[in-house]
Amino acid sequence: MTDSSPEALAALHAKAYDAMHRGDLREASLAFERLLAQRPDQHYYHYMRGLAHKYLLDWPVSLHHNLRAIELADEMDEAEHWNAAIAATALGEWAQARRLWADCGVRVQEGEGPIEGDYGVAVVRLNPWHAGETVFMRRIDPVRARLLNVPLPESGHRFGDIVLHDGASTGSRLDGEREVPVFNELERLVASEFQTFVVFASCPGPDDLEALLAASVPGLGYTEDWTGSIRNYCMRCSYGAPHRHAEKDEADDGWRVERHLGIAAQSRHSIEALLQGWASQAPGRSVDAIETRECPVPEYREGGNWWVGPEGEEEETAEDAVDESPR
């Protein structure tokens, strides 16, 4: 039985797709490469190799094989067009990306540079191969978006980052009363100018918190109350901020005086000016600590078909479980 025999090719075909299903992208890529050596004009092998390299974030190879799949296909298939457009976007090949979006019937801004439009609000799962924190984003083209929340520093991301996301939704979340899609992040393209500051403050009542959330100073990006949205550990303990655990931290009305907030700002000076002004305007307001923690974007982790998303998995392991409520 030779490599070109029908039996050998069938076995290699099964091996390639099995590796892809298991998330062994490099093994899958090698198998599809061997298949293409025997069947160079099979468009679906080009598509699958391009898909494997999309999830390896290897954009030149992904673009090459998706474009070849488009050339060889008997009829229009949006899958390879979308994946080619994603790769072209990642590489900054804007003319190519515009042509591919037009072929899909997606309207984009005309011009020569990056696409800048309003494609609505959605949710992105950051570092989906790592922890999968979910935040809201505003899509500025079909697969690029600007982060609207203040992500946890451990995510390596910041408010205002521009990220590349996948084209296929892996679920939905509520934005008010409206459902919006969830997309997996593929790569951070542009880092924001804003730093993330973690602030621990005492707010005697809801009005005090609202005043802080509404306050503004030069250099401020966004202030977000993390107290209710992040519950998986005591954030004050994690950052070493002094406090004590009471048996009951809430008042009779359920209000939690101790708040932890994520604030995006260009400098610590902006944060200090914001908080000093807020604390001086009403009794009982205080700032317990201002912390910063710079973390890199977690390294890409190979293995496992993370691109399916939690909604597509039969079960979720304990070590991968995260709070899936976007803020």
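Quick caveat, the model's predicted, so the values are computed rather than measured.
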Of the options R139, M137, R138, which is the one that meets V121 in a side-chain contact (heavy atoms from CB on, under 4.5 Å)? R138
Is L213 reachable from L220 through a run of hydrophobic residues whose side-chain heavy atoms are each under 4.5 Å from the next? yes
Given T134 and R125, is the side-chain hydrogen bond (donor to acceptor under 3.5 Å, both in side chains) satisfied, shown in steps? CA-CA 4 Å; T134 53; R125 185 175 291 109; over 6 Å; no
Do the ring centers of Y55 and W306 come within less than 6.0 Å of each other? yes
Please identify each residue that fulfils side-chain hydrogen bond (donor to acceptor under 3.5 Å, both in side chains) with E185, with sequence neighbours left out. H157
Taking E27 for its side chain and A19 for its backbone only, find out whether a donor-acceptor pair lies under 3.5 Å. no
Donor-acceptor pair, side chain of Q195 and main chain of T292, under 3.5 angstrom: no
Check for a donor-acceptor pair, side chain of S270 on one end and backbone N or O of P218 on the other, with a separation under 3.5 Å. yes
Quick one: pull up SG in C203 and CZ in R259 and give me the separation to the nearest 0.5 Å. 6.5 Å
Between R173 (side chain only) and A122 (backbone N and O only), is there a donor and an acceptor less than 3.5 Å apart? no
Pair E110-R98, salt bridge (charged side-chain N to carboxylate O under 4.0 Å, His left out): steps then yes or no: CA-CA 8 Å; E110 295 182 2; R98 282 180 166 86; over 6 Å; no
Between L36 and E33, does a side chain to side chain contact (heavy atoms under 4.5 Å, CB included) hold up when you go through it step by step? CA-CA 5 Å; L36 284 166; E33 182 180 31; 5.7 Å; no
is_close_aromatic(Y45, H65), centroid dist under 6.0 Å: no
Treating D58 as the side-chain partner and H53 as the backbone partner, does any N or O pair qualify as donor plus acceptor under 3.5 Å? no
State whether the number of non-hydrogen atoms from other residues, nucleotides or ligands found under 6.0 Å of R26 atom CZ is greater than 12. no
I'd like to know if L72 and M76 are part of one continuous hydrophobic network [Ile/Leu/Val/Met/Phe/Trp/Tyr, side-chain heavy atoms within less than 4.5 Å]. no
Side chain N127, main chain H130, donor-acceptor under 3.5 Å: no
Pairwise salt bridge (Lys or Arg N to Asp or Glu O under 4.0 Å) hits with a residue in residues 81-94, at least two apart: none
Give the cluster check for V61 versus W82: same hydrophobic cluster or not, with ILVMFWY residues linked at side-chain heavy-atom distances below 4.5 Å. no
CG on N66 to NE2 on H64, rounded to 0.5 Å: 10.0 Å
Run the salt bridge (charged side-chain N to carboxylate O under 4.0 Å, His left out) test against E299 and tell me which residues pass, sequence neighbours left out. none
Hey, is the main chain of F194 close enough, under 3.5 Å, to the side chain of R158 for a donor-acceptor pair? yes
Tell me whether L261 shares a hydrophobic cluster with V257, the cluster being built from Ile, Leu, Val, Met, Phe, Trp, Tyr side chains joined at under 4.5 Å. yes
Let me confirm one number: the OH-CG distance from Y300 to L57, rounded to the nearest 0.5 Å. 5.5 Å
For a salt bridge (charged side-chain N to carboxylate O under 4.0 Å, His left out) check, start with the C-alpha distance between D41 and R68, then their side-chain angles and the critical distance, and finish with the verdict. CA-CA 9 Å; D41 293 336; R68 186 67 180 134; 3.4 Å; yes
Report yes or no: does D166 contribute a side-chain atom to a donor-acceptor pair with the main-chain N or O of F183 at less than 3.5 Å? no
Should D103 and R99 be marked as a salt bridge (charged side-chain N to carboxylate O under 4.0 Å, His left out) after you check the CA-CA gap, both sets of side-chain angles, and the distance that decides it? CA-CA 6 Å; D103 288 342; R99 284 194 296 270; over 6 Å; no
Identify the residue among L164, I162, I115 that makes a side-chain contact (heavy atoms from CB on, under 4.5 Å) with D141. I115
Quick one: are P142 and Y119 in side-chain contact, heavy atoms under 4.5 Å? yes
Answer yes or no: is there a donor N or O on one side and an acceptor on the other, between the side chain of D161 and the main chain of V163, under 3.5 Å? no
Tell me every residue that passes side-chain hydrogen bond (donor to acceptor under 3.5 Å, both in side chains) with R268, counting only those two or more places apart in sequence or in another chain. E272
Drop me the distance from L212's CG to L275's CG, to the nearest 0.5 angstrom. 6.0 Å
Non-neighbouring partners of Y17 that pass side-chain hydrogen bond (donor to acceptor under 3.5 Å, both in side chains), sequence neighbours left out: none
Under the salt bridge (Lys or Arg N to Asp or Glu O under 4.0 Å) rule, what pairs show up with a residue in residues 194-221, not counting sequence neighbours? D208-R285
